Amino acid sequence: MRDRFQRFYSAYTETIFQPVWMRLWHFASLRDAEVYGWYREVVQEQILKPLVRERRIELGHNPGFAVSPAELEAPWLLHGGLLNYGLRQQVTGQADRDARDSMIRQALEMYMLFTAAQTPETGPTKDPR
């Protein structure tokens, strides 16, 4: 699973880290909230929910199809963190493919460690208190 998402995010960021894409995306998002809503829905349904479901299966947790809003917070941090990284690289002129792939590995590793530490009883859908 980790290797597949590493390959996916490597290809995905190859496109979205382009200066033209980033400028268009940010401009469109600021100008029209519907653009962000559409993008959020696509990312959530096509990337993040499958990531959660596959990770559940890998960990032997709830294999159900429904993904709760709480379960989406960590993958949103992963995804948003990578977008922020790309923006920082573009703004500072330090875009580097090897560094990007390393950052993707680190972000995925943080997600894997976080989800491995969760149990069905204390997972993101439950309050640990």
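Nothing fancy with the numbering, it's 1 onward along the sequence. Just so it is clear, the model here is predicted, and its values are computed rather than measured.
Shown are M103, R105, H79; of these, the side chain to side chain contact (heavy atoms under 4.5 Å, CB included) with Y9 is made only by H79.
Residues E45 and P50 share a closest heavy-atom pair of O-CD, 3.4 Å. For R55 against M112, the heavy-atom pair with the smallest separation is NH2-O, 2.8 Å. When every heavy atom of V43 is checked against every heavy atom of Y12, the shortest pair comes out as CG2-OH, 4.0 Å. Closest approach of M22 and F17 over heavy atoms only: CE-CD1, 3.8 Å.
The 12-atom threshold is exceeded at CZ of F8, counting heavy atoms of other residues, nucleotides or ligands nearer than 6.0 Å. The 12-atom threshold is exceeded at CH2 of W76, counting heavy atoms of other residues, nucleotides or ligands nearer than 6.0 Å. Within a 6.0 Å sphere centred on CD of E41, other residues, nucleotides and ligands contribute more than 12 heavy atoms.
For the atom pair CG (L108) and CG (L82), the distance works out to 7.0 Å, reported to the nearest 0.5 Å. For the atom pair H61 NE2 and E71 CD, the distance stands at 10.5 Å (nearest 0.5 Å). Distance check, rounded to the nearest 0.5 Å: CZ of R88 to CG of L83 gives 11.5 Å. With rounding to the nearest 0.5 angstrom, the CD atom of Q18 is 12.0 Å from the CG atom of L24.
In this structure, R2 contributes its side chain and E109 its backbone to no donor-acceptor pair below 3.5 Å. The closest donor-acceptor contact from the side chain of S102 to the backbone of D98 lies at 3.5 Å or more, if one exists at all. Counting only distance, with no hydrogens or angles, the side chain of S10 and the backbone of Q6 share no donor-acceptor pair below 3.5 Å.
In the hydrophobic clustering of this structure, V42 groups with V52; members are Ile, Leu, Val, Met, Phe, Trp, Tyr whose side-chain heavy atoms approach within less than 4.5 Å, directly or through other members. Under the 4.5 Å side-chain heavy-atom criterion for Ile, Leu, Val, Met, Phe, Trp and Tyr, L72 and I57 are members of distinct hydrophobic clusters. There is a path of hydrophobic side-chain contacts, each under 4.5 Å, that joins Y36 to I47. By the criterion of side-chain heavy atoms lying less than 4.5 angstrom apart, applied directly or through intervening Ile, Leu, Val, Met, Phe, Trp or Tyr residues, F5 is grouped together with I16 in one hydrophobic cluster. Hydrophobic clustering (ILVMFWY, side-chain heavy atoms < 4.5 Å, transitive): Y85 and L51 are in one cluster.
Remark: R23 engages no residue in a salt bridge (Lys or Arg N to Asp or Glu O under 4.0 Å) (not counting sequence neighbours).
Listed by first then second residue, pairs satisfying salt bridge (charged side-chain N to carboxylate O under 4.0 Å, His left out) with a partner in residues 6-22 read E14-R97, E14-R100, not counting sequence neighbours.
Using a 4.5 Å cut-off on side-chain heavy atoms (C-beta onward), R56 and T115 make no contact.
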